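In what follows, chains are A, B, ... by sequence order, proteins preceding strands, each numbered from 1. Here the structure is a predicted model, which is why all the values come from computation and not from measurement.
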Number of protein chains: 2
Amino acid sequence: MDIEQHKIPQATAKRLPLYYRFINNLHSQGKQRVSSKELSEAVKVDSATIRRDFSYFGALGKKGYGYNVEYLLSFFRKTLDQDEITKVALIGVGNLGTAFLHYNFMKNNNTKIEYAFDSNADKVGTEIGGVPVKHIDELEDMVKGDITAAILTVPSAAAQGITDRLVQSGVSGILNFTPARITVPEHIRVHHIDLSIELQALVYFLKHYPLEAGEEQEE
Amino acid sequence: MDIEQHKIPQATAKRLPLYYRFINNLHSQGKQRVSSKELSEAVKVDSATIRRDFSYFGALGKKGYGYNVEYLLSFFRKTLDQDEITKVALIGVGNLGTAFLHYNFMKNNNTKIEYAFDSNADKVGTEIGGVPVKHIDELEDMVKGDITAAILTVPSAAAQGITDRLVQSGVSGILNFTPARITVPEHIRVHHIDLSIELQALVYFLKHYPLEAGEEQEE
DNA sequence: GGCAGATTGTGAAAAACTTAACGACTATCT
DNA sequence: AGATAGTCGTTAAGTTTTTCACAATCTGCC
Ligand SMILES: NC(=O)c1ccc[n+]([C@@H]2O[C@H](COP(=O)([O-])OP(=O)(O)OC[C@H]3O[C@@H](n4cnc5c(N)ncnc54)[C@H](O)[C@@H]3O)[C@@H](O)[C@H]2O)c1
Ligand SMILES: NC(=O)c1ccc[n+]([C@@H]2O[C@H](COP(=O)([O-])OP(=O)(O)OC[C@H]3O[C@@H](n4cnc5c(N)ncnc54)[C@H](O)[C@@H]3O)[C@@H](O)[C@H]2O)c1
């Protein structure tokens, strides 16, 4: 299973959850079939790209017909491992961390925030959005063996230190919201989401890349 | 100025704010010069890529020496228009919106959230993080002519409706945090930041693309 | 049963992006 | 002064991703 999976381009892999969500929507609406063109309009991805993406998994559709929503859904559910839940920890229950805890990532999602951690005694012991907030000293004990990935929303000065501890505790992926570019061993995957940079980049594009008719949109 | 700017690859443009931030840090630390290799370690971008990126703007460095931090900083400040402030509005003062309001985007940044808007009467009239919260009915009046971009943090059901009103009011860029893929006229730029998808994609990569020594990290 | 129209899957081309490699140059040490 | 250890800018190669365009083939209808 894993050998063939490796053939799937990373760009495609990143779009899979997006496809999954929209197929899910269609299914809830009772739609039976969908074409790459329709899907394209909904998710704002070129229809040829969608067909190409799907084709990496074999022939999911039927010529002249399109894709069967039910079949597509069950296929993606399997492919995205929607049936097993991945446990996640969140570190840093501040403004951003609290917002995430209130948000139910489980909805349409195979991930669950099991624990949150903070160094602030006022927050420890509370429960936010159904997630218990633990003291950061308990990090290693709670995470070890159980938690696959971590969401990092601590102040940037603390980012590297916490990262090292997460790595020590066996976490294999980190979603880093701090502006710090953290250093990790090679087998650990880090995705950076840098909100200030996103905003600045948008503004830069507005000024320097005025959109003409027919131009591209970004992710 | 704009004609030549268009030669800069989008991938490069997205990295500029990142470079700017780190150059700023170096400058604060009193560092005089920096090499592409050092910068590479700090921002986790290949040093060849950095040299290539910088070279789109001409010869910013000196062979055998590196880059002068002071010069680099002033160059990027100019290029990223750090001297003029771009006014931004935030729509939807919920969990996520509130977190953003508390965060000072002005710090190291040329953007300022001028107003926030919400439909909830309890929130209207308050001030969060120094930003006044207005009623959504005032959107058109406040935004018109004054605001360049908007941060969208409303429930996804409201996203398209608010988007249409933003477009009507002359906003030219939207940072969309809702899962809805909004439709806009061609001259409007939308960047989607879809946090659920980011988390799901990370998990997918962990399962299907285990990192070997020497492999790549994602943004 | 057959035909018009729709839509896929994909080969091939193009575009976009990254990386390697190296000539030219700087700074510093002996 | 000459040797040594960097370092840039850039050319060229490599890689990844997107897009075009169309034969193959299925649907839906008559
Ligand atoms: N809030 C935003 O909109 C926003 C935007 C962009 C980036 N960020 C980044 O996200 C991160 C969090 O931002 P925030 O606004 O939520 O900050 P915050 O100060 O509100 O929250 C940080 C939390 O981390 C906790 N903390 C501090 N040190 C800790 C440690 N060593 N171990 C465990 N917990 C610790 C604090 O007690 C606090 O609760 C920051 O790095 C910030 O730069 C935030
Ligand atoms: N909170 C998260 O961590 C998170 C994560 C991923 C995605 N999102 C997305 O971000 C968006 C906001 O999430 P949230 O958790 O902040 O939701 P929320 O419900 O806490 O906040 C939404 C806010 O928008 C306001 N609102 C509703 N309709 C409005 C309208 N027509 N005009 C103006 N304001 C209106 C509400 O009063 C509320 O204050 C949602 O689309 C959500 O899916 C949030």
Side-chain angles (χ1 to χ4, degrees), chain A residues 5-16 18-19 23 26 31-69 71-72 75 201 205 208-209 212 214-219, chain B residues 4-16 18-19 23 26 31-69 71-72 75-76 201 205 208-209 212 214-219:
Chain A
Q5 295 278 346
H6 233 300
K7 291 252 191 68
I8 293 158
Q10 304 221 353
T12 296
K14 285 193 194 168
R15 283 187 291 263
L16 297 182
L18 181 62
Y19 296 147
I23 294 162
L26 291 177
K31 215 147 178 314
Q32 307 271 329
R33 65 187 252 190
V34 65
S35 70
S36 61
K37 187 145 161 284
E38 275 180 285
L39 212 45
S40 168
E41 275 149 30
V43 301
K44 316 285 179 197
V45 171
D46 187 274
S47 68
T49 301
I50 293 178
R51 291 201 300 281
R52 164 80 67 217
D53 283 347
F54 285 8
S55 78
Y56 290 116
F57 299 98
L60 301 182
K62 273 216 201 75
K63 297 182 180 186
Y65 174 90
Y67 301 89
N68 179 294
V69 172
Y71 177 72
L72 220 46
F75 179 83
F205 277 109
H208 299 277
Y209 295 70
E212 320 277 328
E215 260 193 82
E216 281 301 284
Q217 291 289 314
E218 288 304 298
E219 181 58 10
Chain B
E4 280 309 292
Q5 295 277 345
H6 233 300
K7 293 252 192 68
I8 293 159
Q10 304 220 352
T12 296
K14 285 193 194 167
R15 283 187 291 263
L16 297 182
L18 181 63
Y19 296 147
I23 293 162
L26 291 177
K31 213 146 180 317
Q32 307 270 329
R33 65 187 248 190
V34 65
S35 69
S36 61
K37 184 143 162 285
E38 276 179 284
L39 212 44
S40 168
E41 276 149 28
V43 300
K44 318 285 180 198
V45 170
D46 188 275
S47 69
T49 301
I50 293 178
R51 292 201 299 283
R52 154 77 71 244
D53 283 347
F54 284 10
S55 78
Y56 290 116
F57 299 98
L60 302 182
K62 272 217 203 76
K63 296 181 181 187
Y65 173 88
Y67 300 91
N68 179 295
V69 172
Y71 177 71
L72 220 45
F75 178 83
F76 271 93
F205 276 108
H208 299 277
Y209 295 71
E212 320 278 327
E215 262 193 80
E216 282 299 287
Q217 290 290 313
E218 288 301 299
E219 183 58 12

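Atom CG of A:L16 is separated from atom P of D:dT17 by 12 Å (rounded to the nearest Å). If you measure from atom CD1 of B:I50 to atom P of D:dC8, you get 9 Å, rounded to the nearest angstrom. When rounded to the nearest whole Å, the span between OH of A:Y56 and P of C:dG9 equals 13 Å. Remark: P of D:dT10 and NZ of B:K7 are 13 Å apart, rounded to the nearest angstrom. Across the protein-nucleic acid pair, A:L60 atom CG and C:dT10 atom P stand 10 Å apart, rounded to whole Å. As rounded to whole Å, 10 Å separates atom P of D:dC8 from atom NZ of B:K37. Atom NZ of A:K62 and atom C1' of C:dT10 are 20 Å apart (whole Å). The nearest whole Å value for the distance from the CG atom in A:D53 to the P atom in D:dT16 is 16 Å.
Taking the side chain as every heavy atom from C-beta outward, A:I50 and A:V43 approach each other to under 4.5 Å. Within the 4.5 Å cutoff, the side chain of B:R33 has heavy atoms near those of the B:Y65 side chain. Within the 4.5 Å cutoff, the side chain of A:T12 has heavy atoms near those of the A:R15 side chain.
Listed pair B:Y67 / D:dG6 fails the phosphate criterion, with no side-chain N or O lying under 4.0 Å from OP1 or OP2. A close approach under 4.0 Å does not occur between any side-chain nitrogen or oxygen of B:R51 and OP1 or OP2 of C:dC22. Regarding contacts with the backbone of C:dT7, every side-chain N or O of A:S36 stays at 4.0 angstrom or more from both OP1 and OP2.
The side chain of B:Q10 approaches C:dC17 more closely than any other nucleotide in the set D:dT19, C:dG9, C:dC17. Of the candidates C:dT19, D:dT19, C:dA27, the closest approach to any side-chain atom of B:R33 belongs to C:dA27.
Using a 4.0 Å heavy-atom criterion, one finds that A:T12 contacts no nucleic acid atom at all. Nucleic acid contact class of A:F54 (heavy atoms, under 4.0 Å, all strands): none.
Judged by closest nucleotide on DNA chain D, A:R15 is the one of A:R15 and A:G64 placed further toward the 5' end. Ranked by how close their nearest DNA chain D nucleotide is to the 5' end, A:K63 and B:G58 are led by B:G58.
Residue A:K31 qualifies as enclosed at atom NZ: its count of foreign heavy atoms under 6.0 Å is above 12.
A distance of 9.5 Å separates OH in B:Y19 from OH in B:Y67, rounded to the nearest 0.5 Å.
A donor and an acceptor atom sit less than 3.5 Å apart, one in the side chain of A:R52 and one in the base of D:dT19.
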